[in-house]
*Asks:* 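The structure follows.
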2 protein chains.
Amino acid sequence: MCQPRHVTKTPVCVIGLGLIGGSLMRAAKAAGREVFGYNRSVEGVDAARLAGFDASTNLDETLARAAAVDALIVLAVPMPALPLMLRHVRESAADCALTDVTSVKGAVHEEVAKAGLLARFVGGHPMTGTAHSGWAAGDARLFVGAPWVLSVDDHVDPGVWATVMHLALDCGSFVVPARSDEHDAAAATISHLPHLLAEALAATAGEVPLAFALAAGSFRDGTRVAATAPDLVRAMCEANATHLLPVLDHALRLLIDARNQLAQHQPVSELVEGGHAARIRYDSFSRPQIVTTVIGAEEWRDELAAAGRAGGVIRSALPVRDSRG
Amino acid sequence: MCQPRHVTKTPVCVIGLGLIGGSLMRAAKAAGREVFGYNRSVEGVDAARLAGFDASTNLDETLARAAAVDALIVLAVPMPALPLMLRHVRESAADCALTDVTSVKGAVHEEVAKAGLLARFVGGHPMTGTAHSGWAAGDARLFVGAPWVLSVDDHVDPGVWATVMHLALDCGSFVVPARSDEHDAAAATISHLPHLLAEALAATAGEVPLAFALAAGSFRDGTRVAATAPDLVRAMCEANATHLLPVLDHALRLLIDARNQLAQHQPVSELVEGGHAARIRYDSFSRPQIVTTVIGAEEWRDELAAAGRAGGVIRSALPVRDSRG
């Protein structure tokens, strides 16, 4: 139940040096890790090198190096690039521990399974970001205080899980254990739905004279994420349509009911009081620390999934009973 | 075309010492004004007095004092309390310049007309606030850098308009001139609609396990205004239903179209790209300063309404050709 050195300070190989990958590279280095990475564009690589990081535009060389040092490979590319990257990983670094930072976990899980890489894979999702993208937008402190979801699906290996947990904690995040499908339903609600609502609000205001002239806090906050690159918003919403549809429908029902009440000069109490009550509950939502679970012990995945559902988080490394031992 | 002293430093009488009224009292005093006010609750008055302000629970005495010193009366009470306050103003201080700080201008205009006080009334709306309410939540700097709408409806008197303009500028706001109906349509879009969307988002998340556990920036921003007291949200949405309905319907159409596209595995480009483009336009929306209009000159109201529609704002006092002179 000790933490072997290779688990706590495993070298990190970051594939894709955009906002998340680039921030991860900075955060892992700041935590004293060996970290190197690949980026498709020369500009990103040049910028990373100029800042003193170890970056390359050669994917296969980078993956071969990952295999040689038994690095944890972090896939930080957009969804559409994933299948190609996974093929390269299978060819050059199939035995490396593998994770990702994509906002939709079910679809990634499927692609990884197709590539035959499930045995060494643990899906991840750091719940952070800004409206900007690219290496230049990165920040070593992007993950500090943010939830970082790690999937506890049935297949996950305790050793790989612990390796990724240590990286997330090194970056300053706390870890939320969750099943991929539960993650995707929650992400649809608290990330993808807000994006669609923000887009609808911004687009509506664009049609009303004087609206921009009067816009203040509630409009700025309500449309902030509409500044996100449209491709990213589309990619995450469309990839998670299965989970997004029911929550979008739920929100639409509430809004349509309120619309009809307004039209009939009736109070919109149900929506307003329900929303207020939920927001107040959220403000007082507590995050009990998960401390008793042993990674790799019997039922450890179910135990972590249940704890995560109840708001539980991992703030300092749990012990591991490593199945590879 | 000078600025008579009584216009630039008119004493201010604030009726209602909640978040906005209490902040206004602090800001006006900080700007060197004589300021006194009325509040219904003893607690609010005691707190204001303890902080060194001149406050009373006696409405008629306060209004008689306003009449004696020819103060500008600022109605800072919620919509439902307005008719009663207006009756008292008519009885005790009918000749005073009168403004309000309510978020719906058409309905206030109607009440003021019913009370026979339109001649000395200029509707106002400082576009600022926090999720908190009451005297204790007030802040002398609440108005700094915020738009403060002043109505340029056909009836408004140049002298009263200038008096209220000076108060808004003294509080650190910039003035946006607008007709009441155009203000209400814009406010429906950039304030009331965001409140309904935030309530729907919070209420939906309240139904999804793990949602609060994963909530991050986009959820926090998207639901911030759902923390507003439900009575305030209901009051502003219901009082502005006429203008809120068409913009709510517009947003609903966009969202329902996106919903159907997601269900058919089609891209949600229209909503996402339209929203992004509008938000980017908003980010680069410029606010040219209005400098050439003379308040009280021919067509001054139309001129200001057109300038406000184009984004124009008043950052330093315009000259007045006073009709009372």
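Proteins come first, then strands; the chains are lettered A, B, ... in the order of their sequence lines, and each starts at number 1.
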*Asks:* Heavy atoms only, distances under 4.5 angstrom: which of A:A241, A:A310, A:A211, A:A178 has the most pairs with chain B? Name it, please.
*Replies:*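 Max contact count across the listed options: A:A211.
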*Asks:* Heavy atoms only: give me the nearest A:P230-B:E273 pair and the separation to one decimal.
*Replies:*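 The pair with the smallest heavy-atom distance is CB-CG, 3.9 Å.
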*Asks:* Relative to chain B, which segment of A:L248 carries a heavy atom at a distance below 4.5 Å: side chain, backbone, both, or neither?
*Replies:*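 For A:L248, the contact with chain B is made by the side chain alone.
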*Asks:* Any chance you could measure A:I190, atom CD1, to B:R220, atom CZ, to the nearest 0.5 Å?
*Replies:*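 Answer for the CD1-CZ pair, A:I190 versus B:R220, is 10.0 Å.
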*Asks:* Checking A:D221 against B:V225 for the side-chain contact (heavy atoms from CB on, under 4.5 Å) test, could you report, in this order, the C-alpha distance in whole Å, the side-chain angles of both residues, the deciding distance, and whether it holds?
*Replies:* CA-CA 9 Å; A:D221 284 359; B:V225 294; 5.7 Å; no
*Asks:* Hey, does A:S269 have a side-chain heavy atom less than 4.5 Å from the side chain of B:R234?
*Replies:*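 Yes, close enough: below the 4.5 Å cut-off.
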*Asks:* Sort out for me which of B:C237, B:A263, B:A258 touches chain A most, counting heavy-atom pairs under 4.5 Å.
*Replies:*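 Top count of heavy-atom pairs under 4.5 Å with chain A: B:A263.
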*Asks:* What part of B:A198 is in contact with chain A, defined as an atom under 4.5 angstrom from a non-hydrogen atom: side chain, backbone, both or neither?
*Replies:*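 Contact with chain A: none, neither part.
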*Asks:* Answer yes or no: is there a side-chain heavy-atom contact under 4.5 Å between A:V272 and B:T228?
*Replies:*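 Contact flag for A:V272/B:T228 side chains = no.
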*Asks:* What's the spacing between A:S218 OG and B:R224 CZ if we round to 0.5 Å?
*Replies:*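 Going from the OG atom of A:S218 to the CZ atom of B:R224 covers 7.0 Å.
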*Asks:* Specify which of B:G222, B:G206, B:P194 makes the most heavy-atom pairs with chain A at under 4.5 Å.
*Replies:*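 Maximum pair count with chain A is reached by B:P194.
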*Asks:* At their closest point, which heavy atom of B:G311 faces which heavy atom of A:A213, and how far apart are they?
*Replies:*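 In terms of heavy atoms, the two residues are closest at CA-CB, 4.3 Å.
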*Asks:* Which region of A:P147, side chain (C-beta onward) or backbone (N, CA, C, O), has a non-hydrogen atom less than 4.5 Å from a non-hydrogen atom of chain B, or is it both or neither?
*Replies:*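 Answer is side chain: those atoms of A:P147 sit under 4.5 Å from chain B.
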*Asks:* Among A:R281, A:Q261, A:Q266, A:R253, who wins on heavy-atom pairs under 4.5 Å with chain B?
*Replies:*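 So the answer, after comparing A:R281, A:Q261, A:Q266, A:R253, is A:R281.
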*Asks:* Looking at side-chain heavy atoms only, is the closest gap between A:T204 and B:L193 below 4.5 Å?
*Replies:*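 Heavy-atom side-chain distance check passes, below 4.5 Å.
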*Asks:* Rounded to the nearest 0.5 Å, what separates atom CZ in A:F285 from atom CZ in B:F212?
*Replies:*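 One finds 8.0 Å between CZ of A:F285 and CZ of B:F212.
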*Asks:* Where is the tightest heavy-atom contact between B:A226 and A:G275, given as atom of each residue plus distance?
*Replies:*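 Closest approach of B:A226 to A:G275: CB-O, 4.1 Å.
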*Asks:* Kindly compute the distance separating NE2 (B:H250) from CG (A:L201), expressed to the nearest 0.5 Å.
*Replies:*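 So the gap between those two atoms works out to 11.5 Å.
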*Asks:* Side chain, backbone, both or neither: which part of A:V247 has a heavy atom under 4.5 Å from chain B?
*Replies:*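 Looking at A:V247, backbone and side chain both touch chain B.
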*Asks:* Tell me, side chain or backbone of B:L245 under 4.5 Å from chain A's heavy atoms, or both, or neither?
*Replies:*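 The side chain, not the backbone.
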*Asks:* By a 4.5 Å heavy-atom criterion (distance strictly below it), what part of A:V268 contacts chain B: side chain, backbone, both, or neither?
*Replies:*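 Its backbone and side chain both get close to chain B.
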*Asks:* Indicate the atoms forming the closest heavy-atom contact of A:G308 with B:L210, along with that distance.
*Replies:*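 Distance-wise, the nearest heavy atoms are O-CD1, 3.4 Å.
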*Asks:* Quick check on A:R259 against chain B: is it the side chain, the backbone, both or neither that has a heavy atom closer than 4.5 Å?
*Replies:*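 Both the backbone and the side chain of A:R259 come within 4.5 Å of chain B.
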*Asks:* Quick check on B:L197 against chain A: is it the side chain, the backbone, both or neither that has a heavy atom closer than 4.5 Å?
*Replies:*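 Both the backbone and the side chain of B:L197 come within 4.5 Å of chain A.
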*Asks:* Quick one: pull up CD in A:E207 and CG in B:L254 and give me the separation to the nearest 0.5 Å.
*Replies:*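 Here the interatomic distance stands at 8.5 Å.
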*Asks:* Chain B heavy atoms under 4.5 Å from A:A146: which part of the residue, side chain, backbone, both or neither?
*Replies:*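 Contact with chain B involves no heavy atom of A:A146 at all.
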*Asks:* If you count heavy-atom pairs within less than 4.5 Å of chain B, which of A:H183, A:H125, A:H195 leads?
*Replies:*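 The residue among A:H183, A:H125, A:H195 with the greatest pair count is A:H183.
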*Asks:* With a 4.5 Å cut-off on heavy-atom pairs, point out which of A:V233, A:L271, A:V313 contacts chain B the most.
*Replies:*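 Of A:V233, A:L271, A:V313, A:L271 has the most heavy-atom pairs under 4.5 Å with chain B.
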*Asks:* Measure A:L196 against the heavy atoms of chain B and call it side chain, backbone, both or neither at under 4.5 Å.
*Replies:*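 When you check distances to chain B, atoms from both the backbone and side chain of A:L196 fall under 4.5 Å.
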*Asks:* By a 4.5 Å heavy-atom criterion (distance strictly below it), what part of B:H265 contacts chain A: side chain, backbone, both, or neither?
*Replies:*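 Looking at B:H265, nothing touches chain A.
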*Asks:* Looking at every non-hydrogen atom in both residues, tell me the closest pair between A:P209 and B:A186 and how far apart they are.
*Replies:*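 Answer, listing the atom of A:P209 first, then B:A186: O-CB, 4.1 Å.
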*Asks:* Output the distance between atom CZ (B:R279) and atom OG1 (A:T223), rounded to the nearest 0.5 Å.
*Replies:*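 Those atoms lie 4.0 Å apart.
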*Asks:* Heavy-atom cut-off 4.5 Å, strictly under: side chain, backbone, both or neither for B:A205 against chain A?
*Replies:*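 For B:A205, the contact with chain A is made by backbone and side chain together.
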*Asks:* If you count heavy-atom pairs within less than 4.5 Å of chain A, which of B:D231, B:I280, B:L262, B:T128 leads?
*Replies:*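 The option with the most such pairs is B:L262.
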*Asks:* Below 4.5 Å from any heavy atom of chain A, which atoms of B:V208 appear? Answer side chain, backbone, both or neither.
*Replies:*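 Answer is side chain: those atoms of B:V208 sit under 4.5 Å from chain A.
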*Asks:* Can you name the closest pair of heavy atoms from B:R287 and A:A215 and give their distance?
*Replies:*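 What the structure gives for the nearest pair is NH2-O, 4.0 Å.
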*Asks:* Do other residues, nucleotides or ligands put more than 12 heavy atoms under 6.0 Å from A:E270 CD?
*Replies:*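 Incorrect, the count does not exceed 12.
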*Asks:* Between B:E199 and A:G274 (side chain of the first, backbone of the second, donor and acceptor by atom type, cut-off under 3.5 Å), is there such a pair?
*Replies:*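 No; judged by distance alone, with no hydrogens or angles, the pair does not exist.
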